[in-house]
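As a basis for the values below, the full set of heavy atoms in this structure was taken, side chains included, without hydrogen atoms, waters or symmetry mates.
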Amino acid sequence: MVTAYPQAIARDKDEISLISTSPYVKDYTDERKKALIALLPQGDVKVLKFNQSLCPGCVDEEKWDTMKIDCVVYVKDNKVWMTKQCSMHGAVTEVYWSDYDMYKKAEKFQDPGIKILNPNIDKSEFEINCPTDCGLCVEHESHTGLGNVVLTNRCDLTCWYCFFYAKEGEPIYEPTLDQIKFMLKRMRDEKPVGANAVQLTGGEPTLREDLVDIIKAGKEIGYDHIQLNTNGINLSQSLELCQNIKNAGSHVLYMSFDGMTPETNPKNYWEAQGAIENCRKAGLGIVLVPTVIGGINDHELGDIIRFGFGNIDTIRSVNFQPVSLVGRMPDKLRRKQRITIPGAIKKIEEQTDGQVGREHWFPVPCAKQVTDFVEAMKEEPKYRLSIHFACGMATYVFKDGDRMVALPEFFDIEGFFDYLGELTRELNSSKHKSIRKPWVVMKLMRNIGKYVNEEKKPKDLKFVRMLTGAVSGTNYHGLADFHKNSLFVGMMHFQDPYNWDIDRIHKCDIHYATPDGRVLPFCTFNVIPALYRDKVQRKFSIPSDEWERRTGKKLVDDKHHRRLTKEQMFAIKSNFDQFRKYKEKQKMWTDWGEEEAPAVLPALSAAAQHSNDFVPLGALGAAVLGTLPVKQKPTMENPAGSFSGGGCCGGSSSEQSGGCGCH
């Protein structure tokens, strides 16, 4: 099955037979759909689709057989919502996308994807039970666009919002070089298109003494792009390490960077500038990766872009990641911290005075037309960014003096994509492709300039030349010039049990390889950690005391301790502050707004399950808070208070109340 189906057509509640239904759900009966319709709020509500999601309670309690539940996605007040109900834990409502108009625009660009010809799970599509049979399976519809290999769970920090690192007394997961090569080959050998981009992550991967050998192994296996996911602390202290990483074959760092103040970025505020300077000297590019948490750092998104733009010679991209709320948490806190892709984009528009506006963003699979054209030219499958349209959006920002100019300001993206589609169809319908190809390329070269507004284009930008190289070369290498001459601004929202969508998981192209031979989608590996990530890593871990005996090291020596003079701190703060629009924290609106909707409810009676009204919440907060264990005191304090509601570093453990996907 390779499919794209309508997911943005709004229907009335009583039009059940016309409402789109996920093709990944077997035997979705009208009775089940009517039960979901009964959960919808009163008023002006339109239904978009029936799908399946996860029950946060079942995931937390590791009830794998019952965690997948029916779900309905609908529109209310121009926001896209999802509601689902578990027979044991009750109903959950979550904002899916906080702007229906932007959702409709993104949906137009969905890509049907590709069929994996050598799946790792030996089951037919009729036997697969998603998401408990992940690995990749025959139902999956994207090759590995970006592979991930976890090198270690050791870290030099203990941040308040991260529970990925190995805490005191926990086993150490650190695969051998041979195991890492096996995982790299597993993704590279996918058919019909193997992975050519990989991220080495952790933990903190720079703690591995054999990091350079690992990077070299990735190049030898055939990866064109190897990026290092890091907090940048060790790189800020060693120019030699930066140079060694670059010489080994990694040219980009994926660096955590959550804000422009010590309060919003306790992780590496004081070290980030040193890491950037050393990377500048070594010729390494940097992607800044802010985890966006409502009420914590969502007032600094424009400042972060300005900082990246001010260091555009080294910072290639800012890739925002709205927080993934993994684990149980009180309803009030979830509503406060939840931020969706449209919500973050609107705040960027406000904070950049419209220079990066909501109209400038396009979903990741909009590259479909470019891929289709290149495949028609090369007559073979090529690198395809076929993730779900709701997973991410992006734009390019070019420099025109001190001004930021977004790509759509001077380039008609939709018109150009339509024209590429015409050329692709012309080529595919030709009986003599070898003769037709030069003619099609000539037409492209002749007409490509029609979609560029020369008056609005930055003066010194050779845009037509760059675009021609991107389209007529390959779907991967041709984009290199774009990244060297612009700031790529991306938005990737990884899922959690509250907003998990079975449609999105089938299209995921950000995968993790594991030592047991499986390749797992990001949002099963990290969203159901006890079933996948934690289980696998425990199997291949060793006790911490054994690790210390083998290596002759002490884990406590990994930890970073800051030693900065007042003069150094003043210089760092002054440099950041020049890019800040406001020197005091601004109060931001939330994606939920004033909407009141249930989170986790007590189990419902049969009558209540078919009620037309929402069932009110009980005293959930105290019950859930009472189940949260006492956690170790982190070395990096929560700037928002004592409760951990956001997260980073790729997920959570069973103790976690929040998490995101920065690793």
Below 4.0 angstrom, N of the basic side chain to O of the carboxylate: do [X] and [Y] qualify?
| X | Y | answer |
| --- | --- | --- |
| R334 | D496 | no |
| K378 | E380 | no |
| K181 | E220 | no |
| D12 | K46 | yes |
| E125 | K115 | no |
| D77 | K79 | no |

Determine the minimum heavy-atom distance between [X] and [Y], stating which atoms define it.
| X | Y | answer |
| --- | --- | --- |
| A4 | D111 | CB-C, 4.5 Å |
| A106 | W97 | CB-CH2, 3.9 Å |
| Y96 | K49 | OH-NZ, 4.2 Å |
| D509 | R384 | OD2-O, 4.3 Å |
| P205 | G203 | CD-O, 3.6 Å |
| C130 | I502 | SG-CG1, 4.0 Å |

*Neighbour count >12 (heavy atoms, 6.0 Å) for atom NZ, K433*: yes
_N153 and E170: CA distance, side-chain angles, deciding distance, side-chain contact (heavy atoms from CB on, under 4.5 Å) verdict_ = CA-CA 10 Å; N153 64 346; E170 289 192 348; 5.6 Å; no
State, with a plain yes or no, whether a side-chain heavy atom of [X] is found less than 4.5 Å away from one of [Y].
| X | Y | answer |
| --- | --- | --- |
| C134 | P521 | yes |
| P322 | M491 | yes |
| K368 | S386 | no |
| Q495 | L54 | no |
| V370 | F417 | yes |
| R533 | V150 | no |
| V527 | V59 | no |
| C58 | M88 | yes |

*Give me the one residue out of H506, Q7, Q110 that meets side chain to side chain contact (heavy atoms under 4.5 Å, CB included) with H388.*
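That would be Q7; it is the only one of H506, Q7, Q110 passing the side chain to side chain contact (heavy atoms under 4.5 Å, CB included) with H388.
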*For D372, which of N428, L423, T424, L427 qualifies under side chain to side chain contact (heavy atoms under 4.5 Å, CB included)?*
T424
_Any donor-acceptor N or O pair under 3.5 Å, side chains W592, E94_ =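 Present: a donor and an acceptor within the cut-off.
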_Residue pair N148 / T201, side-chain donor-acceptor N/O under 3.5 Å_ =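 Short answer, no.
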Straight-line distance of [X] [atom1] to [Y] [atom2], nearest 0.5 Å:
| X | Y | atom1 | atom2 | answer |
| --- | --- | --- | --- | --- |
| L520 | L136 | CG | CG | 7.5 Å |
| L151 | Q179 | CG | CD | 12.0 Å |
| K219 | H225 | NZ | NE2 | 9.5 Å |

_Face-on cation placement of K105 at F362 ring, 6.0 Å and 45° thresholds_ = yes
*Would Q321 and T291 count as a side-chain hydrogen bond (donor to acceptor under 3.5 Å, both in side chains) if you check the C-alpha gap in whole Å, the side-chain angles of each, and the deciding distance to 0.1 Å?*
CA-CA 5 Å; Q321 295 183 350; T291 298; 4.9 Å; no
*Any idea how W81 and Y74 line up, ring-wise: parallel (<30°), tilted (30 to 60°), or perpendicular (>60°)?*
parallel
*Parallel, tilted or perpendicular for F494 and F522, by the 30°/60° rule?*
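Correct class here is parallel.
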_With side-chain hydrogen bond (donor to acceptor under 3.5 Å, both in side chains) as the criterion, how do T176 and D178 come out once you've worked through the C-alpha distance, each side chain's angles and the decisive distance to 0.1 Å?_
CA-CA 5 Å; T176 66; D178 285 340; 5.3 Å; no
Given 3.5 Å as the limit, does a donor-acceptor pair link the side chain of [X] with the main chain of [Y], or not?
| X | Y | answer |
| --- | --- | --- |
| Y223 | L184 | yes |
| Q337 | L325 | no |
| N118 | D189 | yes |
| T144 | A195 | no |

*Can you list the steps and then say if S430 with K437 is a side-chain contact (heavy atoms from CB on, under 4.5 Å)?*
CA-CA 9 Å; S430 174; K437 284 180 186 178; over 6 Å; no
*Could you go through the side-chain contact (heavy atoms from CB on, under 4.5 Å) check for K507 and C391 one step at a time?*
CA-CA 9 Å; K507 288 290 196 289; C391 291; over 6 Å; no
*Take T514 and Y532 through the test side-chain contact (heavy atoms from CB on, under 4.5 Å) and record every step on the way to the result.*
CA-CA 9 Å; T514 58; Y532 290 110; over 6 Å; no
*Who passes side chain to side chain donor-acceptor pair (under 3.5 Å) against K68, sequence neighbours left out?*
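Partners of K68 under the side chain to side chain donor-acceptor pair (under 3.5 Å) test: N129.
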